[in-house]
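I have placed the structure first, in the form of structure tokens, so that the comments after it can refer back to it.
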Amino acid sequence: MVNKQSPMPMYYQIEEDLKQRMDRGEFASGDMIPSERELSLHYDVSRMTVRQAMSNMVNDGFLYREKGKGTFVAEKKIEQPLQGMTSFTEDMKQRGMKASSRLLGFETIVAPPEISRKLDLNDEEKVYRVQRIRFADQVPMAIETTFVPVNLLPTLTEQTVQGSLYHFVEAELELKIEKATQMIEATIADADQAELLQVASQSAVLHIERHSVLNDGTPFEVVKSAYRADRYKFISDIYRS
Ligand code: 16G
């Protein structure tokens, strides 16, 4: 099963084989995978080679370890297309998952200079600062901090942001959200983020910042979010022009 003559490293061949076995459903998420000893016998390679394959797969989020118990198959990551400008609620619905939120904060503040600039506001203009944990089927996926101008959405309430902000803006206020610029950066979860996202401290998270505008060009939100890197992967189609 492992081709020792191949230029492909043996640990890599094992990783590929295990991934295929996961795709075929031989191992489902939450299943314990065989021990290092069993795998080294199965693939007829050294335990060092198996260990290398395992740590790569743990680092890449395909497997996770539980101290004193073993190594398990991780949940498949959510594949989020980068092209469409969707809301969290829509994203989850599309996947047959239930979106919910826990509100961590809802306040009206004078826009900090950075936010004021990004939302093109006048001095001292107010914004809502909304902080939510977003859940998919009760599993925390992201922490989002949203800034929206009070003048634009004077009737926004805590109640509204328990549900979908985009639905409120489009269906209730009949504003048209047109586009956004989005930036994605790799970061490490600080202690608070790790606790809220229920991941180990120092886990990788994806910091995403979205600046959205309405169809008349009015900036409408600045959103800073931390997505779990063990549960999310962002994908896009690209064209060579
Ligand atoms: C997504 C957006 C966020 C937007 C939210 C609205 C990213 C990184 N973030 O989470 O900018 O505010 O959807 O969701 O895609 P809602 O309509 O469910 O409240």
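Counting convention: from 1, in listed order, for ligands and their atoms alike.
- Taking the six-membered ring where the residue is Trp, Tyr166 and Phe220 present tilted rings, their angle falling between 30° and 60°.
- Note: Phe72 and Tyr64 have parallel aromatic rings, judged against thresholds of 30 and 60 degrees for the angle between ring planes.
- Both Ile14 and Met22 are assigned to one and the same hydrophobic cluster, defined by single-linkage of ILVMFWY side chains at heavy-atom distances under 4.5 Å.
- Here is the list of ligand 1 atoms found below 4.0 Å of a heavy atom in Thr89: 16 (P), 18 (O).
- The closest protein non-hydrogen atom to atom 8 (C) of ligand 1 is Ile208 CG2, 3.6 Å.
- Counting protein heavy atoms only, atom 17 (O) of ligand 1 is closest to Ser164 OG, 2.5 Å.
- Residues Phe27 and Leu18 have side chains in contact (heavy-atom distance under 4.5 Å, counting atoms from C-beta outward).
- The shortest heavy-atom distance from Glu90 to ligand 1 is not under 4.0 Å.
- A 4.5 Å side-chain heavy-atom check between Glu185 and Glu209 finds every atom pair outside the cut-off.
- Distance check: Phe234 CZ to Lys77 NZ gives 10.5 Å after rounding to the nearest 0.5 Å.
- Here the shortest heavy-atom distance to atom 9 (N) of ligand 1, taken over Glu221, His211, Arg210, belongs to Arg210.
- What sits closest to atom 4 (C) of ligand 1 on the protein, heavy atoms only, is Tyr166 OH, 3.5 Å.
- For atom 16 (P) of ligand 1, the nearest non-hydrogen atom from the set Leu165, Leu82, Val130, Thr146 comes from Leu165.
- The shortest N or O to N or O distance between Phe88 and ligand 1 is under 3.5 Å.
- Within the 4.5 Å cutoff, the side chain of Lys224 has no heavy atoms near those of the Glu144 side chain.
- At a 4.0 Å heavy-atom cut-off, ligand 1 touches Val223 through the side chain alone.
- In this structure, Arg134 is part of the shell of residues with a heavy atom less than 4.0 angstrom from ligand 1.
- The aromatic ring centres of Tyr128 and Phe147 sit 6.0 Å or more apart.
- Contact annotation for Arg132 and ligand 1: only side-chain heavy atoms (C-beta onward) come within less than 4.0 Å of the ligand.
- Screening Asp44, Val50, Thr49 for a side-chain contact (heavy atoms from CB on, under 4.5 Å) involving Ser46 leaves a single residue, Thr49.
- Residue contacts with ligand 1: His167 is placed with no nitrogen or oxygen under 3.5 Å of a nitrogen or oxygen of the ligand (distance criterion only).
- Heavy atoms of Glu144 found under 4.0 angstrom from ligand 1 belong exclusively to the side chain.
- Using a 4.0 Å cutoff on heavy atoms, Tyr227 counts as a contact of ligand 1.
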- Message: Using side chain to side chain donor-acceptor pair (under 3.5 Å), reason through Ser40 and Arg47 one step at a time and then give a plain yes or no.
- Response: CA-CA 5 Å; Ser40 75; Arg47 284 176 69 156; 5.3 Å; no
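- Within ligand 1, the atoms closer than 4.0 Å to a non-hydrogen atom of Gly163 are 19 (O), numbered from 1 in the order shown.
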